[in-house]
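One structure below.
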Amino acid sequence: KIYSLVVKHYLACCSRDAVGRETELSLKIASEEFVAKGLMIIERNWLEIYQPWERWSTGQGELPKVAVGSRITPTSLIMKDGQTNPPQPISEVELIALMDRNGIGTDATIAQHITTIIDRHYAEKDGNQRFHPTKLGIALVEGYNSMGYQLNKPDLRREMEAECSAVAAGRKSKEAVLGPVLAKMLDCFKKANEEVTKLDEAVARHFSKLGSNNSQYILLQANFSLCGNCQGLTMLKQQTGGAGRGSNRQRNQGNTGGSKVLHCPTCAQSHLMPRYHQQVYPAVNPGNEPLTCPICQFQLVKCENDGNSYHICPKCYSDPPENHGGDSSTDFPCSKCTHPSCSMATGTRGGDIEVFPCPFCSASGTKASVNLKRSSNGYRLSCSNGGRDRCQFVIWLPKAARDISVEDNSEGNVDNNGQSVCQNCSNQSRLVRKIKFIWKMGSVPPHYDRELITCVLCDDHLKRDMGVRIPSMNQVQPRRTGNTRGGGRGSNNRGSNAGRGDGVRCFKCGGPHYASACPTNQRR
């Protein structure tokens with residue numbers, strides 16, 4: 001059979017083309033007229049050789065050869081029940097052909113475009129390799145269409161790809177194409193930003209609000225915390241599918257179950273709680289009064305997990321305020337907030353910027369950064385390498401400072417991010433940024449200005465006058481609780497042996513020795 005197929009395939013390739021006509025055949029019986037559309041083959045040629053592996057037909061198939069005005073006798077008359085059917089969903093092969101026909105993508109990028117659509121859940125593929133739009137995809141198309149931009153159509157992308165092809169072929173210059181294309185894209189972006197509520201409305205038509213569908217959530221605790229919008233009480237809910245049995249309090253304190261949300265029944269607003277199923281409690285002060293966020297008036301929530309706890313504002317956590325250190329690309333607990341009047345806001349301006357690489361981690365072959373942080377004990381520079389085996393590098397900064405930050409657009413040498421850079425300590429493999437201090441009134445020697453931008457690693461005056469210590473390997477400096485105010489440059493009152501190598505403390509037992517010589521090393 002294989003030999004026969006090969007021979008017939010070769011002979012068919014050497015034969016003449018088949019000749020046919022796409023025909024519409026009309027047949028009139030009494031007063032009724034019947035129509036059939038199909039193919040009338042005049043010369044079969046290579047089809048005669050290659051049968052039965054190839055058939056040529058369109059419409060209702062191959063029609064018999066008849067002349068106009070011929071009279072025929074029907075062999076049977078059959079009436080069939082039927083209904084119109086929608087077109088089948090597009091297949092991947094058909095989609096690739098359409099993209100190629102409309103000039104969208106190249107052979108190297110078309111597959112990636114399709115993968116992106118599926119990864120973003122705009123469409124999903126069934127077992128027959130056909131695409132079905134999701135509710136999210138339909139909402140996205142409806143939202144953009146309501147703005148006046150049919151971004152689901154290929155026109156804009158096709159025009160851009162054609163311009164790029166013209167540049168590649170040398171018919172146009174890059175400068176002649178880049179400006180108009182960017183201007184058109186920017187216009188789309190601005191219009192979408194201005195009318196983003198239309199996108200929200202389209203999504204709302206296809207999705208229920210978070211926490212509003214009682215069939216998908218169970219109530220963990222009613223009257224949980226204060227809502228900042230209506231000053232009513234929110235409810236703590238959890239997605240079904242693993243919450244387990246037991247009391248509401250037991251479910252709240254368990255680490256199993258779906259995501260938790262705070263839902264306000266009065267204003268119908270919901271806010272998602274942090275992931276990983278932490279235990280959550282309404283935050284109160286020592287007087288048992290609600291702790292509220294000064295930015296949005298929501299009651300803060302205390303989250304606990306494996307002995308660690310932190311506070312969040314339900315609204316700011318998912319909608320970070322940019323003027324207080326917020327970044328929409330990441331979560332926003334109170335520890336990142338820089339609001340000056342909130343006792344829970346321990347964030348620092350520039351706290352996510354590397355001041356310099358951690359020398360302890362670099363010595364052990366690990367890559368980590370030293371960042372500016374703040375806690376109830378004050379400001380410090382500490383290593384970003386946390387966890388159980390966290391790095392012990394820490395520089396406690398003077399309590400005489402009212403505010404400490406890694407400031408943008410400082411005078412002097414700056415890097416590409418506009419940060420002030422120390423030229424003495426920086427080299428090709430290490431970048432060391434300066435720190436900005438704003439001192440409290442009357443807390444520093446008179447020769448200090450209200451503000452100081454300096455490098456804590458090489459400013460000997462700061463280390464001497466303010467008792468700033470730079471730790472060495474196997475040495476940890478405990479936080480000083482005394483007054484660090486100095487008596488001026490050259491004064492004998494310089495803090496606890498600041499700037500010298502004595503005052504060593506072991507981080508294991510607190511003794512006056514290095515950790516490498518600690519007696520506890522011999523105990524097992």
Side-chain angles (χ1 to χ4, degrees), residues 113 116-124 131-157 183-217 219 224-241 258-275 293 295-299 301 312-333 336-337:
H113 292 328
T116 301
I117 290 173
I118 295 176
D119 290 344
R120 294 179 179 176
H121 303 290
Y122 298 153
E124 52 190 18
F131 293 97
H132 299 267
T134 62
K135 291 192 295 183
L136 178 61
I138 294 173
L140 197 65
V141 171
E142 290 179 355
Y144 283 130
N145 285 352
S146 64
M147 297 177 188
Y149 288 106
Q150 290 189 318
L151 296 182
N152 59 309
K153 301 294 184 182
D155 305 328
L156 188 62
R157 183 61 181 262
K184 187 168 292 187
M185 293 292 182
L186 183 60
D187 182 60
C188 283
F189 177 75
K190 289 181 177 179
K191 184 72 174 294
N193 264 349
E194 292 170 358
E195 302 184 5
V196 69
T197 53
K198 293 184 178 180
L199 193 59
D200 295 337
E201 293 168 357
V203 172
R205 288 195 295 268
H206 295 274
F207 293 90
S208 58
K209 287 187 176 182
L210 183 69
S212 61
N213 191 340
N214 291 328
S215 64
Q216 298 178 1
Y217 293 87
L219 178 64
F224 182 77
S225 62
L226 288 176
C227 173
N229 294 328
C230 63
Q231 298 306 308
L233 290 173
T234 64
M235 300 185 297
L236 179 64
K237 292 185 173 184
Q238 186 176 39
Q239 283 184 323
T240 55
S259 300
K260 296 184 178 73
V261 297
L262 283 185
H263 177 70
C264 179
T266 306
C267 55
Q269 296 292 323
S270 295
H271 301 278
L272 194 64
M273 292 289 97
R275 298 177 184 176
C293 173
I295 301 174
C296 57
Q297 310 309 315
F298 273 80
Q299 184 176 359
V301 174
I312 67 165
C313 166
K315 187 175 188 303
C316 295
Y317 183 76
S318 55
D319 185 18
E322 294 184 0
N323 55 337
H324 294 294
D327 183 0
S328 59
S329 64
T330 183
D331 295 334
F332 190 71
K336 292 184 179 180
C337 183

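For the numbers below, each heavy atom of this structure counts, side chains included, while hydrogens, waters and symmetry mates do not. Residue numbers count from 1 along this sequence. The structure presented is a predicted model; accordingly, all values stated were derived computationally and were not measured.
- Atom CD1 of residue I312 and atom SG of residue C337 lie 13.0 Å apart, to the nearest 0.5 angstrom.
- Residues T234 and C264 come closest through the heavy atom pair CG2-CB, 4.1 Å.
- Nearest heavy-atom pair across M147 and A192 is SD-CA, 3.6 Å.
- Side chains of V301 and F224 form a contact here, defined as non-hydrogen atoms less than 4.5 Å apart.
- Within the 4.5 Å cutoff, the side chain of M273 has no heavy atoms near those of the Q238 side chain.
- Considering OG1 of T134 and CD1 of I118, their distance stands at 11.0 Å, rounded to 0.5 Å.
- Two residues are said to be in side-chain contact when any heavy atoms from C-beta on lie closer than 4.5 Å; M185 and L156 meet this criterion.
- Rounded to the nearest 0.5 angstrom, L136 CG and R120 CZ are separated by 10.5 Å.
- In this structure, the separation between CD on Q297 and CG on N229 is 10.5 Å, given to the nearest 0.5 Å.
- Of all non-hydrogen atoms in P333 and Y317, the two that sit nearest each other are N-CD1, 4.0 Å.
- Side-chain rings of H263 and Y217 stay apart, their centers remaining 6.0 Å or farther from each other.
- Checked by atom type and distance alone, the side chain of K135 never pairs as donor or acceptor with a backbone atom of F207 at under 3.5 Å.
- The local environment of CZ in F131 is crowded, with over 12 non-hydrogen atoms from other residues, nucleotides or ligands closer than 6.0 Å.
- With a 4.5 Å cut-off on side-chain heavy atoms, F298 and C316 do not count as touching.
- Taking 4.5 Å as the limit, every side-chain heavy atom of K315 sits out of range of all side-chain heavy atoms of I295.
- Between the CD atom of E195 and the OG atom of S146 there is a distance of 7.5 Å, given to the nearest 0.5 Å.
- Taking both residues in full, the closest heavy atoms of E142 and R205 are given as OE1-NH2, 3.3 Å, listed atom of the first, atom of the second, then distance.
- Side chains of L272 and S318 form no contact here, defined as non-hydrogen atoms less than 4.5 Å apart.
- The neighbour count for K153 NZ, taken as heavy atoms of other residues, nucleotides or ligands under 6.0 Å away, does not exceed 12.
- Between L233 and L226, the closest side-chain pair of non-hydrogen atoms falls below 4.5 Å.
- With hydrogens and angles ignored, the 3.5 Å screen pairs no side-chain donor or acceptor of S225 with any backbone N or O of Q299.
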